**Student:** 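There's a structure below that I have some questions on.
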Amino acid sequence: MSTVLLQGLTKRFGTSIAVDSVNLAIEHGEFVVLVGPSGSGKTTCLRMIAGLETVSSGSIFIGDRDVANIHAKDRDVAMVFQSYALYPHMTVAQNLGFALKLREIPRDEIKRRVKDVAKILGITEELPRKPKTLSGGQQQRVALGRAIVRDPAVFLFDEPLSNLDAKLRVAMRVELVKLHHRLGATMIYVTHDQVEAMTMADRIVVMHEGLIQQIGAPLTVYDDPENVFVAGFIGSPTMNLLPGELNRRNDHLNFRTGDLELNLLHSYDAVISGSVTLGVRPEFLSIKPNNETATLDAKVEAVEHLGSETILELSTAGPPLTAKIARNDSVQHGDNIRIGIEHSKILAFNSSSGERLRV
Ligand code: ATP
């Protein structure tokens, strides 16, 4: 079984810690995406799994084998990088078959496997061509094909779509997900793009400063972030985060941020009072307040029409807010409007630790 188990995986470069005691159990056939901002330790983690980086401490199991001290070529993993790194003097077919040739696999077998992989990736016509005559998307398919042809226990991807233009990236995203279903292989994918993570992963691992912040299915991480970092990193437009003071007043809670006051009906326990950061996703703001919402006055500073949705950038007596509403052709820049925030969708975080406060 191609499970991957990371236990206390740590990488130090001099005195700085790039990966800090990472524990992660990946199931056979799972598509796991490591996502986080630049420098969060994703690539270093992947390179340690691949055997391209030594481990400072901790262990890496692939199946039941501890591979931490096994040479990269004996780990049964295949890595696809951002740069395609194809051999320019070889044809596509030769590029695809090269790793098999090195393993002295019989010629007929190589031919058959190359043909099969080319068919899966839709590059049969390109087999006799040299890489420089291919488009970026075709080159990336060849790079993918080189990994698939080896039939590895685990696929590792390091930002493989970053060099493609936006449209092709979306198309390749879908192809990779389909490929994953078809191959049923264990895949670990690194990206800084949270949209890629959300759309492709069975489970997302959010990293920040070498530490895992949260592990979960994409929608779980989106709906139920463990801390303010995850809340702000996952989702586009980003979650509105309002640092302020929460106080109980008779039958409701009063929240103050700058000169903005909100009366919240949410049944936060009295424990959740004092300095908190409230978080609310832009889609839970509306321009039609009702008795399910807290209300506030806002001024429309910018209107972005995305087609089916409209994004409003708002100024308030406190921090600015972003609202995502259904298409609206009438709201104009400069309008003064009443905004409603759904009480039940407001999350609270400890302002100093950033940890989620739960009712
Ligand atoms: P990016 O998306 O920019 O590659 P990342 O999340 O993959 O970011 P890493 O590349 O793993 O992050 O880097 C994590 C930290 O380790 C960074 O602070 C980086 O500067 C440091 N680092 C990575 N490789 C080395 C190295 N060979 N020597 C020294 N420091 C390194």
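We use all heavy atoms of the structure for the numbers below, so side chains are in, but hydrogens, waters and symmetry mates are not. Atoms within each ligand, like the ligands themselves, are counted from 1 in listed order. Keep in mind that this is a model prediction, so the values were computed, not measured.
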**Student:** Residues two or more places apart in sequence or in another chain: which of them pass side chain to side chain donor-acceptor pair (under 3.5 Å) with Gln138?
**Tutor:** Glu126, Ser135
**Student:** Hey, what else clusters with Ile311 if you join Ile, Leu, Val, Met, Phe, Trp, Tyr whenever side-chain heavy atoms sit under 4.5 Å?
**Tutor:** Leu306
**Student:** Sequence neighbours excluded, which residues qualify as salt bridge (Lys or Arg N to Asp or Glu O under 4.0 Å) partners of Asp116?
**Tutor:** Arg112
**Student:** Mind jotting down which protein residues get a heavy-atom contact under 4.0 Å with ligand 1? Chain and number order, please.
**Tutor:** Phe13, Ala18, Pro37, Ser38, Gly39, Ser40, Gly41, Lys42, Thr43, Thr44, Glu159
**Student:** Would you sort out whether Thr91 and Arg129 count as a side-chain contact (heavy atoms from CB on, under 4.5 Å), showing the intermediate values?
**Tutor:** CA-CA 5 Å; Thr91 64; Arg129 289 167 64 180; over 6 Å; no
**Student:** Take the angle between the ring planes of His208 and Phe229 and call it parallel below 30°, perpendicular above 60°, tilted in between.
**Tutor:** parallel
**Student:** Are the charged groups of Glu30 and Arg203 less than 4.0 angstrom apart, N to O?
**Tutor:** yes
